[in-house]
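To start, the structure itself, in structure tokens.
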Amino acid sequence: MTDSAATRLSRLLALVPWLVAHDGVTLDEAAEHFGVSVEQLQEDLYLLIVSGRPGHMHGDLVDIQFWDDDRRIHVLDPQSLTRPLRLSPDEAASLLVALRVLAQVPGPHDRGALASATHKLEQAAGTAMQAADRVTVDLAADRVADGVAEAVTTALADGRALRLAYVSATGEPSDRTVDPMRVLALDGRSYLEAWCRQAGAVRTFRLDRIESVAVLDEAADVPRDAAPVDLGAGILRPEGTPVTLDLDPEVAWIAEEHPVDAVTDLGGGHLRVVLPVADERWLVALLLRSGPAVRVVDRPDLAERARASARAALAAYGVTGS
Amino acid sequence: MSQSARTERLLNLLFALMSVGRPMPKSELRSVIRAYAESPSDEAFERMFERDKDELRGMGIPIDTVEGSDGAGGIEGYRIAFEDYALPEVELTADEATVLGIAARVWEQAALGPAAQQALRKLEASGAAAGREVVGVETRIATAEPAFPILLDAVAARRAVAFGYRRPGDVEPTARRVQPWGVASRRGHWYLVGHDLDREAARVFRLSRIVGTPAGLGAPGAYDIPADADPITMIASAARDGGDRTAVVIVGPGAASLRRRARQRVVLDGGHERLVLDFADDEALARELVGFGPAVVVEEPESLRAAVVRRLRVLVEEGP
């Protein structure tokens, strides 16, 4: 895709001062930093060296040397492009909002540096920083138990193992010893990514589902081949067996709240969805909560499990189901 | 005209306005910038110049219009003051550069991603120390909704918007007219908060329910955003979190996740616990509790107990 003139000009205006600050950088390094091909970078440089003050006499033009065998770039005369253009409101907002998000995330990142970087950015942005107030991101919607954030931060900073009392999405409690890898804050929720010794695999644990936690004296020992979660591949999208459900209009939100593989509009607000189900107990709980407004199309056994669970619950109230 | 030629023209206009040290009259710009000199007519030049000026201003480049000193209100020329153009000197430590690097990755594929990368490059061009490639924390926020950048601009411009809005289960979207106050994310969902012009009240809209592209409505700057507008509180109360009533329930081992939100817990025999929960609405809490099956039994209030039993009966009789 070809850039627009404005996009390209923005890059050129950032490129020259960056090259001045990084004298002797190679063509490949500069291209990678600006996210363009080496060919595109060379075209940018050729455009720059024919530009400058009116008159276009010697001494009026940008002068950049970049054709030596070592492919290193030297800016001999940047003309008036000695400083980057000040931050636009969107640019200031994007970083400031992100810094405010990071301040809410537990983890080993340097809090002092976070605060001072925020302050310096606000100073540099000037009035553009007001744009950051247009965007609010709340990570505190789900309460995290006391001490969990601190323990996770300590374990990551000091490289220690953790003992967790964890409750799964279906309410199953478990005790696990884990070797922490990272804190992940993804779309509004915070997770601990760790090597789980019980599972013998990398697992993510929602911080608000950790009931209690202890930092162990033992050093964390993440196996060398433990692969971190691929954040580019969609955010913790569950794998599972597809189950087809018909949704009445009042429970159509299920298609909005859970990642569904397919949605068919059945008309009149009714939907047919295919939901990946990793844990059948989770689906049974969903069926119980939703009542007859959800119908399982292809798994009568799961519908029957929900019904049996409802019957047992009625019995616990001293009521006999029909 | 090719993109390259247009970029070159904009770049030369920028240099002319910034490096000459005095306001440049339009006529002089026409003679010193080759693309302007070659324009076939005065009208063509005027159109080109106005468009270029708008383009540069749209990028945030401050072009001053300098009025003539004769008091007649004529325009002497145009200039870019370097001190208004340039990002102030920012000296970042390596630790500060590191957190900014993490921050710039937060939006990755999202609407603000390119802006964050560009901002980081500008700061790095400003003599920042190189940040470390850290491990230990990563944050991502997605903005998949096409309305996101449009609403962000509408908030900035304080301009009302009109859009179709479809709640889950609605057959047809309803037309809404809103003065946007801000966009906010909670539990991974984006919301627009603002003043609903038809309901004449503050309202919260989920971006994923907006149908099509919001359209601007009326003039920019047409309203003020209340200083005490608190998007997160508005969204939380729209989602009816918490509540001022209390319920008492007995939970078994299978319902451990309910314990986390209990205000009070008493351990009983046989792995059971008695929990005190805050809640607002019988039906909403009953719906949640039924999901635990026989692992949760309501003691009080009676209205909640009745709501649970009624739901269980329907399940047994009509089934999922």
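Throughout, a chain's letter reflects where its sequence line sits, starting with A, and its residues are numbered from 1. Quick note: numbers below take in every heavy atom, side chains included, and nothing from hydrogens, waters or symmetry partners.
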Test your reading of the model: is there a side-chain donor-acceptor pair from [X] to the backbone of [Y], 3.5 Å cut-off?
X: B:Glu8; Y: A:Ser51; value: no
X: B:Trp107; Y: A:Ser94; value: yes
X: A:Arg83; Y: B:Pro88; value: yes

For the atom pair [atom1] ([X]) and [atom2] ([Y]), what is the distance rounded to the nearest 0.5 Å?
X: A:Leu288; Y: B:Arg311; atom1: CG; atom2: CZ; value: 11.0 Å
X: B:Met59; Y: A:Leu85; atom1: CE; atom2: CG; value: 6.5 Å
X: B:Leu315; Y: A:Leu314; atom1: CG; atom2: CG; value: 8.5 Å
X: A:Leu99; Y: B:Ile102; atom1: CG; atom2: CD1; value: 9.5 Å
X: B:Leu10; Y: A:Leu13; atom1: CG; atom2: CG; value: 9.5 Å
X: B:Arg121; Y: A:Phe34; atom1: CZ; atom2: CZ; value: 6.0 Å

So [Y] and [X], do their side chains get closer than 4.5 Å, heavy atoms only?
X: B:Leu14; Y: A:Leu81; value: yes
X: B:Ser185; Y: A:Asp138; value: no
X: B:Leu120; Y: A:Glu91; value: no
X: B:Arg287; Y: A:Ser290; value: yes
X: A:Leu61; Y: B:Phe15; value: no
X: A:Tyr317; Y: B:Val308; value: yes
X: B:Glu96; Y: A:Asp110; value: no

Worksheet item: What is the minimum heavy-atom distance between B:Lys122 and A:Arg86, and which atoms define it?
Response: NZ-O, 3.1 Å
Worksheet item: How far apart are the closest heavy atoms of A:Pro108 and B:Val137, and which atoms are they?
Response: CD-CB, 4.4 Å
Between [options], which residue shows the highest count of heavy-atom pairs closer than 4.5 Å to chain A?
options: B:Val99, B:Leu29, B:Val183, B:Val193; answer: B:Val183
options: B:Ala110, B:Ala156, B:Ser31, B:Gly58; answer: B:Ala156
options: B:Gly182, B:Pro180, B:Ala116; answer: B:Ala116
options: B:Ala119, B:Pro114, B:Gly113, B:Ala104; answer: B:Ala119
options: B:Val296, B:Ile232, B:Val32; answer: B:Ile232
options: B:Val290, B:Leu312, B:Leu56, B:Asp153; answer: B:Leu312

Worksheet item: For B:Arg310, which residues count as a salt bridge (Lys or Arg N to Asp or Glu O under 4.0 Å) partner, sequence neighbours excluded?
Response: B:Glu283
Which of [options] touches chain B most, by non-hydrogen pairs under 4.5 Å:
options: A:Leu96, A:Leu287, A:Val135, A:Val167; result: A:Val135
options: A:Arg143, A:His33, A:Gln123, A:His270; result: A:His33
options: A:Gly188, A:Gly269, A:Ala98, A:Ala185; result: A:Ala185
options: A:Ala6, A:Ala131, A:Ala306, A:Ser88; result: A:Ala6
options: A:Gly112, A:Ser309, A:Ala316; result: A:Ser309
options: A:Ser190, A:Ala14, A:Gly268, A:Ser116; result: A:Ser116

For [X], is it the side chain, the backbone, both, or neither that has a heavy atom closer than 4.5 Å to a heavy atom of chain A?
X: B:Leu289; answer: neither
X: B:Ile250; answer: neither
X: B:Phe82; answer: side chain
X: B:Glu318; answer: both
X: B:Val106; answer: side chain

Can you tell which part of [X] gets under 4.5 Å to a heavy atom of chain B, answering side chain, backbone, both or neither?
X: A:Asp246; result: neither
X: A:Leu15; result: neither
X: A:Leu12; result: side chain
X: A:Val183; result: both
X: A:Arg307; result: both
X: A:Val105; result: side chain
X: A:Leu87; result: both
X: A:Val16; result: neither
X: A:Pro106; result: backbone

Discussion item. Tell me whether B:Glu288 is salt-bridged to A:Arg289, with the criterion being a basic N under 4.0 Å from an acidic carboxylate O.
Written reply: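 Between A:Arg289 and B:Glu288 there is no salt bridge, as every charged N stays at least 4.0 Å from the carboxylate O atoms.
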Discussion item. A:Lys120 and side-chain contact (heavy atoms from CB on, under 4.5 Å): which single residue from B:Leu100, B:Leu123, B:Val90 fits?
Written reply: B:Val90
Fill in: Set of residues satisfying side-chain hydrogen bond (donor to acceptor under 3.5 Å, both in side chains) with respect to B:Arg167, sequence neighbours excluded
none
Worksheet item: Is the count of non-hydrogen atoms from other residues, nucleotides or ligands lying under 6.0 Å from B:Arg265 atom CZ greater than 12?
Response: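 Atom CZ in B:Arg265 is packed in, count exceeds 12.
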Discussion item. Between A:Arg8 and B:Ser4, do the side chains contain a donor N or O and an acceptor N or O under 3.5 Å apart?
Written reply: yes
Worksheet item: Do B:Glu124 and A:His22 meet the criterion of a side-chain donor-acceptor pair at a distance under 3.5 Å?
Response: no
